[in-house]
Amino acid sequence: MADDRPKANSTAYTRRELLGAGAGVVSLVVVGCVGKLPPAHEVPAEGGEVAIALADAPELAQPGGVMTLAVAGIKKPVLVVRDGEGYEALLLKCTHMGCTPGWNAAERSLDCPCHGSRFDAQGAVLKGPAKAPLERFAVTSDGSTLRFRVA
């Protein structure tokens, strides 16, 4: 009589199953990294200039606040950080391989999920392999509106 029970070490996976499992893991990593960014606010860039009414940005009301922007015409998001009384606008494109860093609120840093680069809230490199800082846009404020140029 034949024994039809599966053997403990006889599990064989097809190439398709292994690739599918790998794709699932990559999807979880990508979704997890996107979740590290606050939801993006879509904003236009009229004539290359972005204007944000501070009344419409409660995330930036206090020092330490951050706001993610999806700027028309730019493929990567921009993170606006209120640091003390000033503001930084950083293009979220890692200077190593172009991945999108996520915001690490506990460390107040931008952490790249692809190869481990880390940047501070002003875009400076904290840890490589990235060697160059994140691209910064000069931000001006008149007390009610933030403005920066992306082109």
Side-chain angles (χ1 to χ4, degrees), residues 11 13-151:
T11 304
Y13 295 101
T14 66
R15 183 174 182 212
R16 183 172 293 186
E17 289 170 323
L18 288 172
L19 289 172
V25 169
V26 168
S27 296
L28 287 174
V29 169
V30 170
V31 168
C33 294
V34 170
K36 288 184 178 182
L37 288 174
H41 299 268
E42 293 186 22
V43 295
E46 296 178 21
E49 182 178 80
V50 175
I52 305 163
L54 288 172
D56 296 334
E59 303 92 332
L60 301 174
Q62 299 296 320
V66 297
M67 180 179 195
T68 306
L69 305 176
V71 179
I74 297 182
K75 292 181 181 180
K76 293 288 187 173
V78 172
L79 187 73
V80 177
V81 180
R82 181 168 178 190
D83 194 20
E85 290 304 314
Y87 299 89
E88 299 286 342
L90 304 166
L91 181 64
L92 294 180
K93 181 179 180 183
C94 181
T95 55
H96 175 241
M97 295 290 288
C99 295
T100 304
W103 177 247
N104 180 338
E107 300 287 326
R108 296 208 38 82
S109 65
L110 291 152
D111 301 347
C112 185
C114 296
H115 301 104
S117 293
R118 295 185 74 212
F119 304 88
D120 68 15
Q122 291 76 39
V125 177
L126 294 172
K127 177 182 173 249
K131 295 188 183 344
L134 295 175
E135 183 177 349
R136 292 172 55 182
F137 304 108
V139 179
T140 60
S141 175
D142 62 8
S144 64
T145 305
L146 297 180
R147 296 180 192 282
F148 61 92
R149 295 197 64 75
V150 293

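The basis for the numbers below is simple: all heavy atoms, side chains too, and nothing from hydrogens, waters or symmetry mates.
Atom CG of residue Leu91 and atom CZ of residue Phe137 lie 5.0 Å apart, to the nearest 0.5 angstrom. Taking OG1 of Thr140 as the start and CZ of Arg149 as the end, the distance is 10.5 Å to the nearest 0.5 Å.
Here the closest heavy-atom approach between residue Ala130 and residue Phe119 is recorded as CB-CZ, 3.7 Å. The shortest non-hydrogen separation linking Tyr87 to Val80 is CD2-CG1, 4.4 Å. Closest of all the heavy-atom pairs between Val125 and Ala132 is CG2-O, 3.2 Å. The two residues Leu90 and Asp120 have their closest heavy-atom pair at CD1-O, 4.5 Å. Considering all non-hydrogen atoms of both residues, Thr95 and Pro133 come closest at CG2-O, 3.0 Å. Summarising the geometry of Leu134 relative to Pro101, their closest heavy-atom pair is CD2-CG, 4.4 Å, with the distance given to 0.1 Å.
Using modelled atom types and a 3.5 Å distance limit, the side chains of Thr100 and Lys76 yield a donor-acceptor pair.
Distance alone, capped at 3.5 Å, is enough to place a donor-acceptor pair between the Ser141 side chain and the Gly143 backbone. Counting only distance, with no hydrogens or angles, the side chain of Arg82 and the backbone of Glu88 share no donor-acceptor pair below 3.5 Å. Checking side-chain atoms of Arg108 against main-chain N and O of Gly64 turns up a donor-acceptor pair under 3.5 Å.
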Applying side-chain contact (heavy atoms from CB on, under 4.5 Å) to Met97 and Cys114, what does each step give before you reach the verdict? CA-CA 8 Å; Met97 295 290 288; Cys114 296; 5.8 Å; no
Carefully, step by step, assess Gln122 and Asp83 under the rule side-chain contact (heavy atoms from CB on, under 4.5 Å). CA-CA 9 Å; Gln122 291 76 39; Asp83 194 20; 2.3 Å; yes
Give the table of side-chain donor-acceptor pairs shorter than 3.5 Å for residues 48-63, with sequence neighbours excluded, one pair per line with atom names and distance.
unit_1	atom_1	unit_2	atom_2	d
Glu49	OE1	Arg147	NH1	3.4
Glu59	OE2	His41	NE2	2.6

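Pairing of Cys99 with Cys94 by a disulfide is not supported, the SG atoms lying 2.5 Å or further apart.
Between Leu110 and Asn104, every side-chain heavy-atom pair lies at or beyond the 4.5 Å cut-off. Annotation: side chain of Val78 is not in contact with side chain of Leu92 (no heavy-atom distance under 4.5 Å).
Salt-bridge check for Lys93 with Glu135: failed, with every basic side-chain N at 4.0 Å or more from each acidic carboxylate O.
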